[in-house]
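Values below: every heavy atom of this structure, side chains too, minus hydrogens, waters and symmetry copies.
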Amino acid sequence: MSKILIRGAKILGGEPQDLLIDGETIAQVGTGIDAGDAVVVEAEGQILLPGLVDLHTHLREPGREDSETVLTGTKAAAVGGFTAVHAMANTFPVADTAGVVEQVWRLGKESGYCDVQPIGAVTVGLEGKHLAELGAMHDSAAGVKVFSDDGKCVDDAVIMRRALEYVKAFDGVVAQHAQEPRLTEGAQMNEGIVSAELGLGGWPAVAEESIIARDVLLAAHVDSRVHICHLSTAGSVEIVRWAKSKGWNVTAEVTPHHLLLTDELVRSYNPVYKVNPPLRTEADVMALREALADGTIDCVATDHAPHPHEDKDCEWAAAAMGMVGLETALSVVQQTMVETGLLDWTGVADRMSVRPAAIGRLEGHGRPVSPGEPANLTLVDPAYRGVVDPAGFASRSRNTPYEGRELPGRVTHTFLRGRATVVDGKLA
């Protein structure tokens, strides 16, 4: 592999420096580094971050390759600045055995655009009745550490307790999709003023908050690790903040769309805004931003949920829930967190790389940008402004809520262990 010299980049938003990549690792960081025979990337004005890590990606393969494949999903991830993604288990067949998680892991190895770490199902078939093969999935080539029935809630307290106890044996974590099913039957959007005016079935905040409250108590009781997926309400923030004040092993994520969009958008009846959990109120959005800034919420996770055209281009009630998010995540975080002064670029690196890698126990990612470390890196031009056009997405699906919206920032280069996967904003 040739040497690459990134010249004049602001590492984590600091003073401009040069960075030399030699093979798979960072060889030097400083000023005035001799380029020698290296390929030079001029990065004046750009921010250099550790490669982004997503804890919550739906790659759909096996079974729903009409929505996404591991190849197209990892291409989208690379364009978005990600060097690693965690692939959710709600595939067909469900990733509830060693065989399926190994298949996803091997597809990730073959794609080469970013590392793919499969997430195993908590229960067989995501049905919430019997624990899946947690130990076998961990012992497989995929080395699964995170387990989730995402898309469905592990609503049985006994099953959830057993899962939390089981994963302690290998320092695993159970990632909960917090949604009390009885409280959300027929729900179409956030329960509140807008749902009442539109006559759509309401999805109350308490459906999320009650499960989070139960699960942080369970995690404390058995001294295990629980991670809260796509936290979306101000009340959920307060419960997680309280649990952390107790010293309990609780972590949480927020999606980019819950940092920016509100339930007012549902007035358009455009199914692109239909998502699980639903878009909430402006007050919830502000609480989520503050919680991400102060560290109550540990990280940003995309919940990238691709759907084919026909699953979204229909009436609201029949539409699938979910949004694509890998290619726009960093731009939304720049707009909502950096440009509002809530986070600096060091904070962005922490919430989008360091912490998600730590929660997922993912080695080689979320590392310092310093000599001897793996060259998993992302260059972003923060001055760029562009209108989102899904026609140019690397993802197989186009269900973005940002179409036609101007967002700041653009990933210009992504490096996976020293190899460029994105150059000048285009797939290498």
*Specify the closest pair of heavy atoms between L12 and P50, including all atoms of both residues, with the distance to one decimal.*
CD2-CD, 3.6 Å

*Evaluate the criterion side chain to side chain contact (heavy atoms under 4.5 Å, CB included) for residue pair V167 and R225; output intermediate values, then yes/no.*
CA-CA 8 Å; V167 299; R225 293 202 297 143; 5.9 Å; no

_side chain to side chain contact (heavy atoms under 4.5 Å, CB included) between V146 and H227, worked out_ = CA-CA 9 Å; V146 184; H227 176 74; over 6 Å; no

*asked:* Is it true that, when you exclude F170 itself, more than 12 heavy atoms of the residues, nucleotides or ligands shown sit nearer than 6.0 Å to its CZ?
replied: yes

*Exam field: side chain Q335 to backbone L407, donor-acceptor pair closer than 3.5 Å*: no

_Student check: side-chain heavy atoms of D115 and L416 closer than 4.5 Å_ = yes

*Are the side chain of S195 and the backbone of G202 linked by a donor-acceptor contact shorter than 3.5 Å?*
no

*May I ask you to decide if A78's main-chain N or O and T414's side chain share a donor-acceptor pair within less than 3.5 Å?*
yes

*Is the side chain of D381 donor-acceptor paired with the backbone N or O of A383 at a distance under 3.5 Å, no angle test?*
yes

*Taking it one step at a time, do K274 and D311 satisfy salt bridge (charged side-chain N to carboxylate O under 4.0 Å, His left out)?*
CA-CA 11 Å; K274 188 175 181 181; D311 286 3; over 6 Å; no

*F82 versus M352: any side-chain heavy-atom pair under 4.5 Å?*
yes

*Partner of H230 by side-chain hydrogen bond (donor to acceptor under 3.5 Å, both in side chains), out of H258, H177, H56, E253*: H177

_side chain to side chain contact (heavy atoms under 4.5 Å, CB included) evaluation trace for W242 with W248_ = CA-CA 9 Å; W242 170 75; W248 299 344; 3.5 Å; yes

_Given F415, which partner from the list T421, L48, I4 fulfils the side chain to side chain contact (heavy atoms under 4.5 Å, CB included) test?_
I4

*Could you tell me whether the side chain of R405 reaches within less than 4.5 Å of the side chain of L261, counting heavy atoms only?*
yes

*Report yes if some heavy atom in the side chain of F393 is under 4.5 Å from a heavy atom in the side chain of T328; otherwise report no.*
yes

*What do the steps show when you test D66 against R64 for salt bridge (charged side-chain N to carboxylate O under 4.0 Å, His left out), and what is the final call?*
CA-CA 5 Å; D66 57 332; R64 285 305 304 267; 2.9 Å; yes

*Will you find, in the side chains of E180 and S210, an N or O donor that is under 3.5 Å from an N or O acceptor?*
no

*asked:* Can you confirm whether R267 sits close enough to E197 that some side-chain heavy atom of one is under 4.5 Å from a side-chain heavy atom of the other?
replied: yes

*May I ask you to check whether H307 and S397 show a side-chain donor-acceptor distance below 3.5 Å?*
no

*How many angstroms lie between CD1 in I297 and CG in L288, if you round to the nearest 0.5 Å?*
5.0 Å

*Report the C-alpha distance between E65 and R396 in whole Å, list the side-chain angles of each, state the deciding distance to 0.1 Å, and finish with yes or no for salt bridge (charged side-chain N to carboxylate O under 4.0 Å, His left out).*
CA-CA 9 Å; E65 291 83 359; R396 179 163 280 188; over 6 Å; no

*Hey, are D149 and T123 close enough side-chain-wise for a donor-acceptor pair under 3.5 Å?*
yes

_In the structure I gave you, are the side-chain heavy atoms of P306 and H58 within less than 4.5 Å of one another anywhere?_
yes

*Between the side chain of Q176 and the main-chain N/O of V226, is any donor-acceptor distance below 3.5 Å?*
no

_Please report the interatomic distance CD1(I119) to SG(C229), rounded to the nearest 0.5 Å._
7.0 Å

_H304 side chain to E68 side chain, donor-acceptor N/O pair below 3.5 angstrom_ = yes

*asked:* Tell me if a side-chain donor or acceptor on S353 pairs with a main-chain N or O of G51 at a distance below 3.5 Å.
replied: yes

*asked:* Can you confirm whether I21 sits close enough to L377 that some side-chain heavy atom of one is under 4.5 Å from a side-chain heavy atom of the other?
replied: yes

_Nearest 0.5 angstrom please: L55 CG to T251 OG1, how far?_
7.5 Å

_Minimum heavy-atom separation for A293 and L343, please, with both atom names._
CA-CD2, 4.1 Å

*Is the closest side-chain donor-acceptor distance between R280 and T233 under 3.5 Å?*
no

_Would V174 and V154 count as a side chain to side chain contact (heavy atoms under 4.5 Å, CB included) here? Give the steps._
CA-CA 10 Å; V174 179; V154 182; 5.5 Å; no

*Donor-acceptor pair, side chain of E102 and main chain of S140, under 3.5 angstrom*: no

*Locate the shortest heavy-atom distance separating P278 from N190; write the atom from each residue and the value.*
CB-N, 3.5 Å

_Taking the side chain as everything from C-beta on, heavy atoms only, tell me whether K10 gets closer than 4.5 Å to W345._
no

